[in-house]
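As the structure lists them, so they are numbered: ligands from 1, and atoms in each ligand from 1. What you are looking at is a predicted structure, and each value in this text was computed from that prediction instead of being measured. Just so you know, these numbers use all the heavy atoms, side chains as well, and skip hydrogens, waters and symmetry mates.
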Amino acid sequence: MNILVTGGAGYIGSHTCVALIQKGHTVIVADNLCNSKIETIDKIKQITNKEVTFYQIDVTDAVAVDTIFSDNSIDGIIHFAGLKAIGESVQKPLEYYYINLVSTMVLSKACLKYGVKKIVFSSSATVYGNNTVPFVENMKLMPCTNPYGETKAMIERILTDIGKVNSDWSVALLRYFNPVGAHECGLIGEEPNGIPNNLMPYITKVAKGELNKLRIFGKDYPTVDGTGVRDYIHVMDLAEGHVAALNNLTEGVHIYNLGTGQGTSVLQLVNAFEEANDIEVPYEIVERRPGDIAVCYAGTSKAKTELGWTAKRDIVDMCRDAWRFEKGYED
Ligand code: NAD
Ligand code: WQD
């Protein structure tokens, strides 16, 4: 299939392009590079030894998006492009609502106009809020504490409503848990701007000596060791989950968790990283981070049964691959 990947130069998008190409698909990337680099496209080509068509456009630009659909015979889209920093979304709500929602509507209109019926969207486990674990797809969602999370819940609703009246559409709303790690070759990985907000990129910067020590947010949660528990998923497993969704989607709107089903605490992840890479990660315990929940992990049986997909890589793989990429990475 010819797949339009919006945000394909970004962290998850670039790994998904590799997975798609390796399964025989052709990718067309649309990205404005606001949070990524053009070099990543070259690296996707280098890893796969295949061409990638690249458009540097803003996906809220309906004219530019129309050009891509008229130039290419598109069979399906994966929509990764958007803004994703939770803290920034509180400061810049309009930008988040505008870019995340308008891009989805522009793309949906183009899909209707050009008869593209397969749509995969990057949602997030954040829509579950503070539900009881494991989070399963049919749970009632809770209001998010930030505009970023609200955009994900709203886009899920928008695509669900459009899907209802276009019964030949196949829509996958993929709720990612905590993507970490990098492609096994070390060429592509996560490249956050500035000081990372997320745990794994923070750990790798501390290990590299670019940051002094990790601050662990809270040790009084009702968890195995008092630190927060999350469902970390290797980014290549996540990427392969998208290929499985595209290949196995049936008509209708479907929600799937992409997680491992395993909870890992902050301290367990730090210890696993130190052991896997034989390197020390100094840390201190500080106050809880506002808005954090104690435990989050996925129920995984729906993706397994309906898409035939499960995550294969473990925490050690995630730690090794994240570190391999960081070691080879120059800012
Ligand atoms: P990323 O920032 O690395 O990738 C997003 C890409 O979209 C970037 O390359 C950026 O340049 C591009 N982009 C942003 N706005 C654009 C616009 N208006 N037009 C064109 N391109 C634009 O982020 P990521 O971690 O790869 O996340 C991809 C998607 O997955 C996002 O929608 C994010 O919300 C979602 N998601 C991410 C996580 C995570 O922890 N990384 C978890 C759940 C969901
Ligand atoms: C993981 C754990 C922290 C940093 C976020 C979004 C979610 C999704 C994935 C987009 C928590 C602890 C972290 C640090 C720490 N993104 N931590 N010190 O918050 O689970 O999920 O990214 O959709 O929506 O909310 O991920 O990596 O920030 O935190 O102790 O410096 O690590 O408290 O327990 P989170 P995270």
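- Less than 4.0 angstrom separates some heavy atom of Cys34 from each of these atoms of ligand 1: 10 (C), 11 (O), 13 (N), 14 (C), 15 (N).
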Practice prompt. In sequence, state the C-alpha distance, the side-chain angles, and the governing distance for Tyr55 and Asp71, and then conclude on side-chain hydrogen bond (donor to acceptor under 3.5 Å, both in side chains).
Written response: CA-CA 11 Å; Tyr55 291 84; Asp71 282 0; 3.2 Å; yes
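- Contacts of Ser123 with ligand 1, taken as heavy-atom pairs under 4.0 Å, involve the backbone alone.
- Taking every heavy atom of Ser122 and a limit of under 4.0 angstrom, the matching atoms of ligand 1 come to 29 (C), 30 (O), 32 (O), 35 (C).
- The contact set between ligand 1 and Ser36, taken as ligand atoms under 4.0 Å from a residue heavy atom, comprises 8 (C), 9 (O), 11 (O).
- Here Glu287 does not pair with Lys219 in a salt bridge; the nearest charged N to carboxylate O distance is not below 4.0 Å.
- A distance-only check finds a donor-acceptor pair linking the side chain of Trp309 to the backbone of Asp237 [under 3.5 Å].
- Set against the non-hydrogen atoms of Ile99, the atoms of ligand 1 under 4.0 Å away are 18 (N).
- Residue Tyr11 has at least one N or O atom closer than 3.5 Å to an N or O atom of ligand 1.
- Here Ser122 contributes atom OG and Arg175 contributes atom CZ; the two are 13.5 Å apart, rounded to the nearest 0.5 Å.
- Remark: ligand 1 and Val59 share an N or O pair separated by less than 3.5 Å (distance only, no angle test).
- Contact annotation for Leu33 and ligand 1: only backbone heavy atoms (N, CA, C, O) come within less than 4.0 Å of the ligand.
- Both the backbone and the side chain of Asn35 come within 4.0 Å of ligand 1, judged by heavy-atom distances.
- With respect to atom 33 (O) of ligand 2, the closest heavy atom belonging to the protein is Asp292 OD2, 2.6 Å.
- Counting atoms of ligand 1 from 1 in the listed order, those under 4.0 Å from a heavy atom of Ile57 are 19 (N), 20 (C).
- Taking the ring centre of Phe177 as origin, the terminal cationic atom of Arg230 falls outside the region bounded by 6.0 Å and 45° from the ring axis.
- For ligand 1, one of its N or O atoms has an N or O atom of Tyr148 under 3.5 Å away.
- Using a 4.0 Å cut-off between a side-chain N of Lys or Arg and a carboxylate O of Asp or Glu, Glu275 and Arg320 do not qualify as a salt bridge.
- Side-chain contact annotation: Asn193 with Asn35, donor-acceptor N/O pair under 3.5 Å present.
- The pair Lys208-Glu210 counts as a salt bridge, with a side-chain nitrogen and a carboxylate oxygen less than 4.0 angstrom apart.
- Interface of Gly7 with ligand 1, defined as ligand atoms under 4.0 Å from a residue heavy atom, comprises 6 (C), 7 (O).
- Here the heavy atom of the protein found nearest to atom 1 (C) of ligand 2 is Tyr232 OH, 3.4 Å.
- Regarding atom 17 (C) of ligand 1, its nearest protein heavy-atom neighbour is Asn32 ND2, 3.4 Å.
- Remark: Asp66 engages Lys113 in a salt bridge, criterion side-chain N to carboxylate O under 4.0 Å.
- Ring-plane geometry between Tyr96 and Tyr148 is classed as perpendicular, the angle between the planes exceeding 60 degrees on a 0 to 90 degree scale with a lower cut at 30.
- Atoms of ligand 2 found under 4.0 Å from any heavy atom of Arg215, numbered from 1 in the order shown, are 14 (C), 15 (C), 18 (N), 30 (O), 31 (O).
- Among all non-hydrogen protein atoms, the one lying nearest atom 7 (C) of ligand 2 is Ser124 OG, 4.1 Å.
- In this structure, the protein non-hydrogen atom closest to atom 18 (N) of ligand 1 is Asp58 OD1, 3.0 Å.
- Expressed to the nearest 0.5 Å, how far CG of Asn72 lies from OG1 of Thr67 amounts to 10.0 Å.
- Atom 28 (O) of ligand 2 has as its closest protein heavy atom Arg289 NH2, 2.9 Å.
- When only non-hydrogen protein atoms are considered, atom 11 (O) of ligand 1 lies nearest to Asp31 OD1, 2.7 Å.
- Taking a 6.0 Å sphere around OH of Tyr283, one finds it holds 12 or fewer heavy atoms contributed by other residues, nucleotides or ligands.
- Remark: ligand 1 and Tyr176 share no N or O pair separated by less than 3.5 Å (distance only, no angle test).
- Atoms of ligand 2 lying under 4.0 Å from any heavy atom of Tyr148, numbered from 1 in the order shown and given with element: 10 (C), 23 (O).
- Atoms of ligand 2 lying under 4.0 Å from at least one heavy atom of Ile216, given by number and element, are 30 (O).
- Within the 4.0 Å heavy-atom cutoff, Thr6 does not count among the residues contacting ligand 1.
- With no hydrogens or angles considered, a side-chain donor-acceptor pair links Asn257 and Tyr128 at under 3.5 Å.
- For ligand 2, the atoms lying closer than 4.0 Å to a non-hydrogen atom of Gly228 are 34 (O).
- Interface atoms of ligand 1 facing Ala9, defined by a heavy-atom separation under 4.0 Å, are 9 (O).
- In terms of protein heavy-atom proximity, atom 40 (O) of ligand 1 is nearest to Pro179 CD, 3.3 Å.
- Near Lys152, meaning under 4.0 Å from any of its heavy atoms, are these atoms of ligand 1: 31 (C), 32 (O), 33 (C), 34 (O), 35 (C).
- Here the protein heavy atom with the shortest distance to atom 24 (P) of ligand 1 is Lys84 NZ, 3.7 Å.
- Of all atoms in ligand 2, numbered sequentially from 1 with element shown, those under 4.0 Å from a heavy atom of Thr126 are 24 (O).
- When hydrogens are left out, the protein atom nearest atom 4 (O) of ligand 1 is Gly10 CA, 3.5 Å; that is the closest non-hydrogen contact.
- Residue, atom and distance of the protein heavy atom nearest to atom 37 (C) of ligand 1 are Ile12 CD1, 3.7 Å.
- Nearest protein heavy-atom contact of atom 31 (C) of ligand 1 is Phe80 O, 3.1 Å.
- Between Tyr256 and His242, the ring center distance fails the sub-6.0 Å criterion.
- Looking at atom 35 (P) of ligand 2, its nearest protein heavy atom turns out to be Asn178 ND2, 3.5 Å.
- Using a cutoff of 4.0 Å between basic side-chain nitrogens and carboxylate oxygens, Asp75 and Lys117 are not scored as salt-bridged.
- Counting only heavy atoms of the protein, atom 5 (C) of ligand 2 lies nearest to Asn198 ND2, 3.7 Å.
- Below 3.5 Å of separation, one finds an N or O of Arg230 facing an N or O of ligand 2.
- Among protein heavy atoms, atom 12 (C) of ligand 2 sits closest to Val266 CG2, 3.7 Å.
- For ligand 2, the atoms sitting less than 4.0 Å from at least one non-hydrogen atom of Ile86 are 6 (C), 24 (O), 25 (O), numbered in the order shown with element in parentheses.
- Heavy atoms of Glu190 found under 4.0 angstrom from ligand 1: none, in either backbone or side chain.
- Not a single N or O atom of Phe177, backbone or side chain, sits closer than 3.5 Å to an N or O atom of ligand 1.
- Within the listing of ligand 2, atoms 4 (C), 28 (O) sit less than 4.0 angstrom from a heavy atom of Asn197.
- From the protein, the heavy atom lying nearest to atom 17 (N) of ligand 2 is Phe217 CD1, 3.6 Å.
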